[in-house]
Amino acid sequence: MAATAERARAAGTASAGLQEATAALQALSLPAAGGEDGDGDGNGAERLAELRRLMAGVESGIEVAEDGPYLAANVTLYSWLGERIATCPQVALCRCGASETKPLCDGSHSRVGFSGAKDPKRVPDQEDSYPGVGVTVLDNRGLCAHSGFCTDRLASVFRLGREPFVAPSGGRVDEIIAAVRACPSGALGLAIDGREAREVADPVREPAVEVSKDGPYRVTGGIRLTGEGGAAVPRNRGASPEHYSLCRCGHSLNKPFCSGMHWNTSFKDPVPDPDGEVTLFEWTGGLPALTRMTRLFYGKLVPEDPLIGPLFASMSPDHPIRVAKWLGEVFGGPHAYSEGYGGYERMISQHVGRCLTEEQRARWVALMCRAADQAGVPQDAEFRAAFVAYLEWGSRIALENSQHDAQPPAHMPVPRWWWVCDATPGARPSALAVPEEKEPVTLPADGEAVSYDAHIRPLFRPQDRNAMRFAFDLWSCEDVRTHAEEIMKRLRSGSMPCDGAWPAEWITAFERWTETGMAE
């Protein structure tokens, strides 16, 4: 509390040392008070509220510590899925790439000898101009973070591996503007009638920091970026003041900004629990992917359609994000729709009395599927089965509730959709997948005791496990013991695994294990 009060008093003149110490003390204090995972006195929420009150007058911003972390005050952090990350009002964010508590700093920059200096071999700071019909695209390769949003989503204009890189006549002006706005590094800009048009290129967004998956911090909303002492960090020519990408792997050539080196160094975040079952929300790509899809749907496809276009002519500007949050909650994500708009009854109220037709319902589903394709939403069979199943189910409920004589049941919960008939990613071998390396198998020698961990567990591949998880876990010794007799029958008949029978010596090893006590 004392450190936070001193940090707040110093405001914009606080030293990097004071900020880093305050961040560490705040982070340590919450578990001690019984925060989300602590065993303390249960006052974590009250303590966090008091820390935020003390720092309420500190301007939101990020200070780049020399050869150290990003010192962020009063910023909102989100995961790459769009889920809010609970943080203290003062945080130290890792930028050396070596922290064991990513995205938070754990002091590893001192241990690894991290340097925040720019590399002399970085791409030169040069803004190129590509004139087109109605709009000129500006691009500074020296600022590019190589996220691939432009080349992946508008390949006819942003041409990977071809010269010139930008061909403005290859797309519509609205598509080009959307691609420039989506550029997370701020390397892309626009000029109209010979004048740079930042007011067109930069969207209006709430200040936020996204911790991207295995990549940089993506900062939006014009958050102030300074060096030690409070001076603004120099930017490349044409850089957006509204959004920028900060290096998180520690190897950028253009520190503190990302230069795409996380690809070269194979930078990775901690791997989630492999035993956890991924939700539809996570598999889709979270709220960013769903928002991209709904904006394409309502901004591009719906207005062009004479059948359902008139239904949405008077929709509010935030309607696409509302639908994205609804889908995110339905697919197992955070309760953003319920908390922000009111839950199931709010959704139902949008359809009551509209008297939708079956033709309109079917067109809505078809165009939503097209938007999913254009937005790059996963196309694997398992996901699309669940995705389309919800669109069909949900749109038919909306059709029913929209009729004049409908009486929708009150107080229904928001539905939570799941995979269809346990068809989850990895439950089947894909014909297009790169063959995975097999875990080494060591069969028991003659007279050697057979154990599950040493000899049986390695026989079951991840895809075998995923295919059977609806019934039991092949990587659980207890489960395999319980179902050993049935497994043995299937192994002998060649029906398990489904893509090819085991070699005879593997079956013999499993049989020996079942006959000798099934030791772990």
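Just so you know, residue 1 is the first one in the sequence shown, and it goes up from there.
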Worksheet item: Is there a side-chain contact between Phe472 and Ile487, using heavy atoms and a 4.5 Å cut-off?
Response: yes
Practice prompt. Give a yes or no answer on whether the side chain of Trp80 reaches the backbone of Glu210 with a donor-acceptor pair at less than 3.5 Å.
Written response: no
Worksheet entry | Short side-chain to backbone donor-acceptor contact, Ser451 and Ala519, under 3.5 Å | no
Worksheet item: Do other residues, nucleotides or ligands put more than 12 heavy atoms under 6.0 Å from Arg354 CZ?
Response: no
Worksheet item: Which atom pair, heavy atoms only, marks the closest approach of Phe149 to Arg218?
Response: CZ-NH1, 3.5 Å
Response to the item:
Value for CZ (Phe267) from NE2 (His251), rounded to nearest 0.5 Å, stands at 9.0 Å
Practice prompt. Determine the minimum heavy-atom distance between Gln403 and Leu356, stating which atoms define it.
Written response: NE2-O, 3.0 Å
Discussion item. For His319 and Tyr298, take the angle between the two ring planes, folded into 0 to 90°, and tell me which bin it lands in: parallel under 30, tilted 30 to 60, perpendicular over 60.
Written reply: perpendicular
Worksheet, complete the sentence: Distance col, row Leu246:CG vs Lys255:NZ, nearest 0.5 angstrom, shows 13.0 Å
Practice prompt. Would you indicate whether Arg490, at its atom CZ, is surrounded by more than 12 heavy atoms from other residues, nucleotides or ligands within a distance under 6.0 Å?
Written response: no
Response to the item:
Correct closest heavy-atom pair for Ser395 and Arg361 would be OG-NH1, 2.8 Å
Discussion item. Could you walk me through whether Val365 and Met368 satisfy the side chain to side chain contact (heavy atoms under 4.5 Å, CB included) test, starting with their C-alpha distance in whole Å, then the side-chain angles of each, then the deciding distance to 0.1 Å, before giving a yes or no?
Written reply: CA-CA 5 Å; Val365 172; Met368 189 65 84; 5.8 Å; no
Worksheet item: Under a 4.0 Å N-O cut-off, is there an ion pair linking Asp214 with Lys102?
Response: no
Worksheet, complete the sentence: Between the CH2 atom in Trp283 and the CG atom in Asp380, the distance rounded to the nearest 0.5 Å is 5.5 Å
Worksheet item: Side chains of Met412 and Ile348: closer than 4.5 Å at any heavy-atom pair?
Response: no
Discussion item. Restricting to non-hydrogen atoms, name the atom on Pro216 and the atom on His262 that form the minimum distance, rounded to 0.1 Å.
Written reply: CD-CE1, 3.8 Å
Fill in: More than 12 heavy atoms from other groups under 6.0 Å of CD on Glu485
no
Worksheet item: Counting only heavy atoms not in Glu505, do more than 12 sit closer than 6.0 Å to its CD atom?
Response: yes
Worksheet item: Do Gln350 and Arg322 come close enough that some side-chain heavy atom pair is under 4.5 Å?
Response: no
Worksheet item: Going by heavy atoms in the side chains, are Phe510 and Met488 under 4.5 Å from each other?
Response: yes
Worksheet item: Can Met496 and Met468 be said to form a side chain to side chain contact (heavy atoms under 4.5 Å, CB included), step by step?
Response: CA-CA 10 Å; Met496 179 180 177; Met468 295 302 299; 4.3 Å; yes
Discussion item. Please find the pair of heavy atoms, one from Ala371 and one from Leu301, that lie closest to each other, and give the distance.
Written reply: N-CD1, 3.6 Å
Worksheet item: Are Arg47 and Glu50 ion-paired here, with the side-chain N under 4.0 Å from a carboxylate O?
Response: no
Worksheet item: Can you name the nearest heavy-atom pair linking Ala386 to Val420, along with the distance?
Response: CA-CG2, 3.5 Å
Worksheet item: Is it true that Asp269 and Arg248 make a salt bridge, defined as a side-chain N closer than 4.0 Å to a carboxylate O?
Response: yes
Worksheet item: If you count the non-hydrogen atoms of other residues, nucleotides and ligands that lie under 6.0 Å from CH2 in Trp263, is the total more than 12?
Response: no
Worksheet item: Is a donor on one side and an acceptor on the other found under 3.5 Å between the side chain of Gln19 and the backbone of Val91?
Response: no
Worksheet item: Which distance, rounded to the nearest 0.5 Å, do you find between the CG of Leu81 and the CG of Leu290?
Response: 10.0 Å
Worksheet entry | Salt bridge present between Glu392 and Arg396 (N-O < 4.0 angstrom) | yes
Worksheet item: Which of these passes ring pair (Phe, Tyr, Trp, His ring centres under 6.0 Å) with Tyr390: Trp418, Trp326, Trp417?
Response: Trp417
Worksheet item: Would the number of heavy atoms belonging to other residues, nucleotides or ligands and lying under 6.0 Å from CZ of Arg416 be above 12?
Response: yes
Practice prompt. May I have the step-by-step check of side chain to side chain contact (heavy atoms under 4.5 Å, CB included) for Gln379 and Phe387, ending in yes or no?
Written response: CA-CA 10 Å; Gln379 297 189 15; Phe387 178 71; over 6 Å; no
Worksheet item: Tell me, do Arg346 and Tyr337 make a side-chain contact under 4.5 Å, heavy atoms counted?
Response: yes
Worksheet item: Can you check whether Asp473's main-chain N or O pairs, donor with acceptor, with Arg465's side chain at less than 3.5 Å?
Response: no
Worksheet item: Around atom CZ of Arg295, are there more than 12 heavy atoms of other residues, nucleotides or ligands at under 6.0 Å?
Response: no
Item to complete: Please answer whether the main-chain N or O of Ser252 pairs with a side-chain N or O of Ser259 as donor and acceptor at a distance below 3.5 Å.
Response: no
Worksheet item: Are any side-chain N or O atoms of Glu345 and backbone N or O atoms of His411, one a donor and one an acceptor, separated by less than 3.5 Å?
Response: yes
Discussion item. Quick check against the 3.5 Å criterion: does His243 have a side-chain atom that pairs as donor or acceptor with the backbone of Cys183?
Written reply: yes
Worksheet item: Looking at CZ of Arg95 and SG of Cys105, how far apart are the two atoms once the value is rounded to the nearest 0.5 Å?
Response: 10.5 Å
Worksheet entry | Heavy-atom check, side chain of Phe331 versus side chain of Thr279, under 4.5 Å | no
Worksheet item: Does any donor atom in the side chain of Arg111 or Ser108 lie under 3.5 Å from an acceptor atom in the other side chain?
Response: yes
Worksheet item: Does a side-chain heavy-atom distance below 4.5 Å link Glu20 with Pro69?
Response: yes
Worksheet item: Please walk me through it: do Val75 and Thr87 pass side chain to side chain contact (heavy atoms under 4.5 Å, CB included)?
Response: CA-CA 9 Å; Val75 300; Thr87 58; 5.9 Å; no
Fill in: Neighbour count >12 (heavy atoms, 6.0 Å) for atom CZ, Arg370
no
Worksheet item: Angle class for the Trp502/Phe460 ring planes (parallel below 30°, perpendicular above 60°, tilted otherwise)?
Response: tilted
Worksheet item: Would you say the side chain of His455 lies within less than 4.5 Å of the side chain of Leu443, judging by non-hydrogen atoms?
Response: no
Discussion item. Donor-acceptor pair, distance only, cut-off 3.5 Å: does the side chain of Arg363 make one with the backbone of Leu307?
Written reply: no
Worksheet item: What is the ring orientation for Trp419 with Phe383, classed by angle as parallel under 30°, tilted 30 to 60°, or perpendicular over 60°?
Response: perpendicular
Discussion item. Can a donor-acceptor pair be found, under 3.5 Å and without considering hydrogens, that links the side chain of Glu329 to the backbone of Ser338?
Written reply: yes
Worksheet item: Is a side-chain donor-acceptor pair under 3.5 Å present for Ser316 with Asp318?
Response: yes
Worksheet item: Does Gln26 use its side chain to pair, donor to acceptor, with the backbone of Cys88 at less than 3.5 Å?
Response: no
Discussion item. Once rounded to the nearest 0.5 Å, what's the spacing between atom CG of Leu253 and atom SG of Cys258?
Written reply: 10.0 Å
